There are 2 protein chains.
Amino acid sequence: MFKKFKIPDATIGRLSMYSRYLWEADEKGKNTVSSHDIAQATGVTPAQVRKDLAYFGEFGTRGVGYNSKELYNYIMKILGLDKRWSIAIVGAGNLGRALSQYKGFQQRGFDIACIFDNDPKKIGKKIANIDIYSLDLLEEKVKELNIVLGIIAVPAPAAQDVADKLVNAGIRGIINFAPVNITVKQNIFVRRVDLAAQLEYLTYYLEESR
Amino acid sequence: MFKKFKIPDATIGRLSMYSRYLWEADEKGKNTVSSHDIAQATGVTPAQVRKDLAYFGEFGTRGVGYNSKELYNYIMKILGLDKRWSIAIVGAGNLGRALSQYKGFQQRGFDIACIFDNDPKKIGKKIANIDIYSLDLLEEKVKELNIVLGIIAVPAPAAQDVADKLVNAGIRGIINFAPVNITVKQNIFVRRVDLAAQLEYLTYYLEESR
DNA sequence: AAAATATTGTTAAAGTTTTAACAAAGATTT
DNA sequence: AAATCTTTGTTAAAACTTTAACAATATTTT
């Protein structure tokens, strides 16, 4: 379908930003947007916007711009967001709880199917009406609820073990919030989100700029 | 001190990973590590490790490797983590609450000085023993508590306004969890962390790989 | 209807980052 | 103590990403 050549990773992240702006523009009745409009709203250059889109096809009209709604739909399809995805969260600690209740996932097409934890005090309870199950039920529930993505929100020492279990259960992609590298077999996609490291970029640049 | 040339942004993120591994290695009594050890543990190549470190100096001994503790200390200094930093969290919703209680910040030298929200029901209360104040007190508290970094954990429509207030109060760096671009004046460092976008990388690659 | 203006898609150039290769230097073995 | 092995720091090449320029095409103005 797509992928004529290798697409920069950063392009994918920008497409996500563009789509949010396009939705907003369309909501406000702005039917047509230019690469300049998109660039302005998302903090990149117009050339970058056009280049990013050009990887996937020709979506605009020269002299005119892009149809907001139409380009939104194209990008959502590129990102695989023309359908909904079921995800599981492993770890019902503070972070896991917050992620379970985070509205931003729903809005973008992600349904949290269930939560896993191995604390007997938590198993059987619910967070925001989502069931918490024992990790022993992982494989069963992944199949039953057609879960494709997993979020690891457990302490670092447990992360690799949880990752192995997710992969064994048949999950295809993982977001890892534990500040540790996890290794998985080929064809499983992993993204590490290290919250403290985000602050460390700031402190590095603050130190450097003085 | 550092910065002979432009340092890749990704290098900073990797230094953060390296430092976590070095701490662990030292704890386990592994006094010396090679670039290969670090690479293995963090999922990069040995050449990458050596290149990253070379931007900042010569820390190893040929034929031997690096002293774990010593390299850890160097990297922590590079990242500005040889001292502690005070941060404020704006937004006491689910995400703000979770971040307020996240142990990973403390461990890396970040102290959450206070939380801001404009919901009268929340103001005056505490989360994990941290005070919640009205946004009106932002400027005062930033000065009083020597707060340098801010975390935006409010809904997207409020993010730009909060960013402006943080900057006016004298904050130097911002992590923005709202899925929207914020603009700030020069010399203020911003990092956007878009949680849903992380999932969208996965769905993009899953679609692409079939 | 011609000229001016707007804006895309594409190509080439510039810039950045990663990878690979290897000389230099220390440790270990024979 | 010579030879071999290990591992860094550095240099050069390769790969990748962004920026800039501009022809192509549509719209608006004169």
Side-chain angles (χ1 to χ4, degrees), chain A residues 2-18 21-22 25 30-72 74-75 78 201 204-205 208, chain B residues 2-18 21-22 25 30-72 74-75 78 201 204-205 208:
Chain A
F2 320 109
K3 197 202 180 180
K4 288 163 212 150
F5 351 90
K6 169 81 173 48
I7 313 285
D9 210 50
T11 291
I12 309 307
R14 286 190 297 262
L15 289 180
S16 178
M17 296 198 296
Y18 302 162
Y21 166 70
L22 290 164
K30 187 166 167 56
N31 300 120
T32 303
V33 299
S34 66
S35 57
H36 187 83
D37 294 335
I38 300 174
Q40 180 100 68
T42 57
V44 304
T45 64
Q48 181 85 81
V49 172
R50 296 201 298 277
K51 194 81 221 278
D52 284 338
L53 296 175
Y55 287 121
F56 298 97
E58 299 188 11
F59 305 113
T61 309
R62 291 170 191 222
V64 181
Y66 305 91
N67 179 286
S68 306
K69 188 67 177 292
E70 206 176 287
L71 184 55
Y72 171 81
Y74 275 125
I75 293 180
I78 291 167
Y201 279 95
Y204 167 74
Y205 286 115
E208 187 212 33
Chain B
F2 320 110
K3 196 198 179 183
K4 288 162 211 149
F5 351 90
K6 167 84 173 47
I7 313 283
D9 209 51
T11 291
I12 308 308
R14 286 190 297 262
L15 288 180
S16 177
M17 296 199 297
Y18 302 163
Y21 166 70
L22 290 163
K30 187 167 167 56
N31 298 120
T32 302
V33 299
S34 67
S35 57
H36 186 82
D37 294 335
I38 300 174
Q40 181 100 71
T42 58
V44 304
T45 64
Q48 181 85 81
V49 171
R50 295 200 299 278
K51 193 81 218 276
D52 284 338
L53 296 174
Y55 287 121
F56 299 97
E58 300 187 11
F59 305 112
T61 310
R62 292 169 191 222
V64 181
Y66 306 91
N67 179 285
S68 306
K69 188 67 177 291
E70 207 177 285
L71 184 56
Y72 171 81
Y74 275 126
I75 293 181
I78 291 167
Y201 279 96
Y204 167 74
Y205 287 116
E208 186 213 33

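Every chain is numbered from 1, with letters handed out A, B, ... down the list of sequences. These figures come from a predicted structure and were not determined experimentally.
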[atom1] of [X] versus [atom2] of [N]: gap in Å, rounded?
X      : N       : atom1 : atom2 : result
E70(A) : dT8(C)  : CD    : P     : 14 Å
N31(B) : dA27(C) : CG    : C1'   : 17 Å
Y66(A) : dA6(C)  : OH    : C1'   : 13 Å
K6(B)  : dT18(C) : NZ    : C1'   : 14 Å
K51(A) : dG9(C)  : NZ    : P     : 13 Å
I7(B)  : dT16(C) : CD1   : P     : 13 Å
D9(A)  : dT18(C) : CG    : C1'   : 15 Å
I38(A) : dT7(C)  : CD1   : C1'   : 12 Å

Worksheet item: How long is the span from the CZ atom in R14(B) to the CD1 atom in I75(B), to the nearest 0.5 Å?
Response: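 Those atoms lie 12.0 Å apart.
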Worksheet item: To the nearest 0.5 Å, what is the distance between NE2 (H36(B)) and CZ (R50(B))?
Response: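 Answer rounded to 0.5 Å: 11.0 Å.
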Practice prompt. Would you jot down, in residue-number order, the residues of residues 39-50 of chain B having a non-hydrogen atom under 4.0 Å from DNA chain C?
Written response: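 Heavy-atom contacts with DNA chain C come from T45(B), A47(B), Q48(B), R50(B).
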Worksheet item: Side chains of Y18(B) and L71(B): does their closest heavy-atom pair fall under 4.5 Å?
Response: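 Sidechains of L71(B) and Y18(B): no contact.
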Discussion item. What I'd like to find out is whether the side chain of S16(B) reaches to under 4.5 Å of the side chain of Y204(A), using heavy atoms alone.
Written reply: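 Side chain of S16(B) against side chain of Y204(A), heavy atoms only: no contact under 4.5 Å found.
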Worksheet item: In terms of the nearest nucleotide of DNA chain D, which residue is placed more toward the 5' end: R14(A) or G63(B)?
Response: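 Closest to the 5' end, via its nearest nucleotide, is G63(B).
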Worksheet item: Starting at the 5' end of DNA chain D, which residue's closest nucleotide do you reach first, T11(A) or T61(A)?
Response: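 Going by which nucleotide is closer to the 5' end, it is T11(A).
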Item to complete: Would you indicate which nucleotide in dG26(C), dT18(C), dA12(C) comes nearest to any side-chain atom of V64(B)?
Response: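 For V64(B), the side-chain atoms sit closest to dG26(C).
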Fill in: Test ring-ring contact (aromatic ring centres under 6.0 Å, His included) applied to F59(B) and Y66(B), Y72(B), Y74(B), the passing residue
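For F59(B), the ring-ring contact (aromatic ring centres under 6.0 Å, His included) check succeeds only for Y74(B).
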Discussion item. Could you tell me the boundaries of the chain A footprint on DNA chain D, defined by atoms under 4.0 Å from its heavy atoms?
Written reply: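 Answer, 5' to 3': dT17(D) to dT27(D).
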